[in-house]
Structure formats: structure tokens, C-alpha cells
Amino acid sequence: MIKAVFPGSFDPPTNGHLDIIQRASRLFDDVDVVISVNPAKQYMFSEQERLEMLKELLKDYKNVQVHLWEGLIVNYAKEHGAKVLIRGIRSSNDFSYEFELAHMNQNLNPQIETMFLPSKEKWGVVKSSSIKELAMFGGDISRMVPPLVAQALKQKLGNRG
């Protein structure tokens with residue numbers, strides 16, 4: 001049995017994230033979606049809001065669980081028996097960053113392998129930070145995020161969105 005971890009901030013979850021999770025769920029016996037909790041970072045949605053959104057969005061995936069984690073992702077993987085870290089790649093810029101991160105994670109825990117899943121072309125420009133900015137200015141985000149997330153962004157932004 002092979003367990004994989006898909007870490008991220010998921011602030012907010014996008015259709016690109018969901019596509020990677022769906023594809024990973026077909027490749028691995030178990031997939032833990034791990035929401036990063038970094039007290040030094042500013043998030044639009046609290047960790048609890050992100051957890052609730054992802055649990056709702058992924059409730060039909062029997063081999064996918066959602067967790068919060070504060071700390072190094074390689075430590076989460078070790079504690080939970082995962083052997084693979086899944087990383088989504090949208091562009092060559094993503095690849096450069098993720099390649100270096102994979103080497104660092106390999107040095108921290110040689111038992112962990114990193115698997116890069118390229119995004120589908122239609123999700124190549126979908127980025128959480130861009131979605132938040134677009135929503136803030138009233139742009140159409142309906143093709144980039146699930147309706148649940150679009151509604152949560154609208155509520156969070158109030159008059160600004």
C-alpha cells in the first residue's frame with residue numbers, strides 16, 4: 001500500500017488543486033491532503049475554513065483525507081507512513097522551485113520521494129493569489145474555483161468582491 005501526501009496552503013482551494021488530487025487518488029492507495037499552517041504567513045481563510053472547504057469538496061473520495069499540519073511536511077510524511085510527496089507543476093518557474101524543494105526534502109528524509117504532476121493546460125494559469133485578487137476586483141472566477149469556494153470568497157470580500 002502506497003500513501004502519498006499533497007501539501008499546500010490551499011488559500012483558497014482551486015480547480016487546479018482538485019484536479020491534482022483527483023489524479024493522485026487514482027495513482028495511490030491513500031492520499032493525505034495536508035493544509036499548511038504557518039503562523040508567520042497571512043492567509044485570507046483560516047486553517048479551519050480551508051479544512052472545512054476541502055473536506056466538503058473531497059467528501060466523495062474514499063481514499064483521500066484532509067489534515068492540518070504545522071511543521072515540515074517531511075515530518076508529517078514520516079509520522080503518517082507516507083512515502084511520496086505530490087507536487088503540482090504549472091510552469092517551468094514552478095519546476096525550478098519544486099525541484100530545489102524536492103532536493104531539500106530528500107536531504108531531510110531520504111525515504112521520501114517527490115512526484116511532480118503537471119497541471120492540465122487549462123489550469124496552468126490558475127493560482128490562488130491571482131484568484132483572490134481577481135475576486136477582489138469583481139472578476140469572474142467561476143471557471144477557476146468550485147462554486148463553494150467562489151461563494152466563500154464572495155462572503156469573505158463583502159463589498160470589495
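For clarity, every value in this text was computed on a predicted model and none was experimentally measured.
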Check: Listed by chain and number, what are the ring-ring contact (aromatic ring centres under 6.0 Å, His included) partners of Phe6, not counting sequence neighbours?
Finding: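 Once residues adjacent in sequence are excluded, the partners of Phe6 under the ring-ring contact (aromatic ring centres under 6.0 Å, His included) criterion are Phe10.
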Taking all non-hydrogen atoms of both residues into account, name the closest pair between [X] and [Y] and its distance.
| X | Y | value |
| --- | --- | --- |
| Val145 | Ala150 | CG2-N, 3.7 Å |
| Ile86 | Ala4 | CD1-CB, 3.5 Å |
| Gly88 | Ile20 | CA-CD1, 4.1 Å |
| Leu18 | Pro146 | CD1-CG, 3.3 Å |
| Ala152 | Met53 | CB-SD, 3.9 Å |

Can you get from [X] to [Y] by hopping between Ile, Leu, Val, Met, Phe, Trp and Tyr side chains that sit under 4.5 Å apart?
| X | Y | result |
| --- | --- | --- |
| Val34 | Ile21 | no |
| Phe28 | Ile73 | no |
| Val37 | Leu72 | no |
| Tyr97 | Leu108 | yes |

Just jot down the side chain to side chain contact (heavy atoms under 4.5 Å, CB included) partners of [X], sequence neighbours excluded, or say none.
| X | result |
| --- | --- |
| Gln111 | Asn109 |
| Asn93 | Ser91 |
| Gln106 | Pro110, Glu113 |

Item checked: Pairs meeting criterion salt bridge (charged side-chain N to carboxylate O under 4.0 Å, His left out) with involvement of residues 91-107, two or more places apart ->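 Every pair satisfying salt bridge (charged side-chain N to carboxylate O under 4.0 Å, His left out) with a residue in residues 91-107: Arg87-Glu98, Arg90-Asp94.
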Item checked: Sequence neighbours excluded - salt bridge (charged side-chain N to carboxylate O under 4.0 Å, His left out) pairs with any residue from residues 38-50 ->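 Residue pairs with at least one partner in residues 38-50: Glu49-Lys156.
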Next item on the list: Assess whether atom CG of Leu101 is packed by more than 12 heavy atoms of other residues, nucleotides or ligands within 6.0 Å.
Entry: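 More than 12 within 6.0 Å, yes.
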Next item on the list: Please check if atom CD in Gln22 has more than 12 non-hydrogen atoms from other residues, nucleotides or ligands closer than 6.0 Å.
Entry: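 Yes.
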Nearest-0.5 Å distance, [atom1] of residue [X] to [atom2] of residue [Y]:
| X | Y | atom1 | atom2 | answer |
| --- | --- | --- | --- | --- |
| Leu85 | Ile112 | CG | CD1 | 5.5 Å |
| His17 | Ser128 | NE2 | OG | 4.5 Å |
| His103 | Thr114 | NE2 | OG1 | 9.0 Å |
| Ser129 | Met44 | OG | CE | 10.5 Å |

Item checked: Residues that, via side-chain heavy atoms closer than 4.5 angstrom, fall in one hydrophobic cluster with Phe99 ->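 Hydrophobic cluster check, Phe99: joined to Ile89, Phe95, Phe116.
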Check: In the hydrophobic cluster built from side-chain contacts under 4.5 Å, what are the other members alongside Tyr43?
Finding: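 Via sub-4.5 Å side-chain contacts, Tyr43 links to none.
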Next item on the list: Scan for side chain to side chain donor-acceptor pair (under 3.5 Å) pairs involving residues 55-70, sequence neighbours excluded, and state none if there are none.
Entry: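 Only Glu56-Lys59 qualify under side chain to side chain donor-acceptor pair (under 3.5 Å).
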Next item on the list: Any pair with a residue in residues 26-38 that passes side chain to side chain donor-acceptor pair (under 3.5 Å), sequence neighbours left out, goes on the list, sorted by first then second residue, please.
Entry: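 Passing the test, one end in residues 26-38: Lys3-Asp32, Asp32-Tyr76.
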Notebook entry, point to check: Do Met104 and Val74 come within less than 4.5 Å of each other through their side chains, counting heavy atoms only?
Noted result: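 In short, these two side chains do not touch, never coming nearer than 4.5 Å.
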Next item on the list: State, yes or no, whether a side-chain contact exists between Val5 and His80 at a heavy-atom distance under 4.5 Å.
Entry: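 No; the side chains remain at least 4.5 Å from each other.
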Check: Do you know which of Thr14, Val149, Leu134 makes side-chain contact (heavy atoms from CB on, under 4.5 Å) with Ile141?
Finding: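 When Thr14, Val149, Leu134 are each tested with Ile141, the side-chain contact (heavy atoms from CB on, under 4.5 Å) holds only for Leu134.
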Checklist line | Partners meeting side-chain hydrogen bond (donor to acceptor under 3.5 Å, both in side chains) with Ser92 (sequence neighbours left out) | finding: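 None.
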Checklist line | Sequence-distant partners of Asp11, side-chain hydrogen bond (donor to acceptor under 3.5 Å, both in side chains), two or more places apart | finding: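 Asp11 satisfies side-chain hydrogen bond (donor to acceptor under 3.5 Å, both in side chains) with Lys132 once adjacent residues are dropped.
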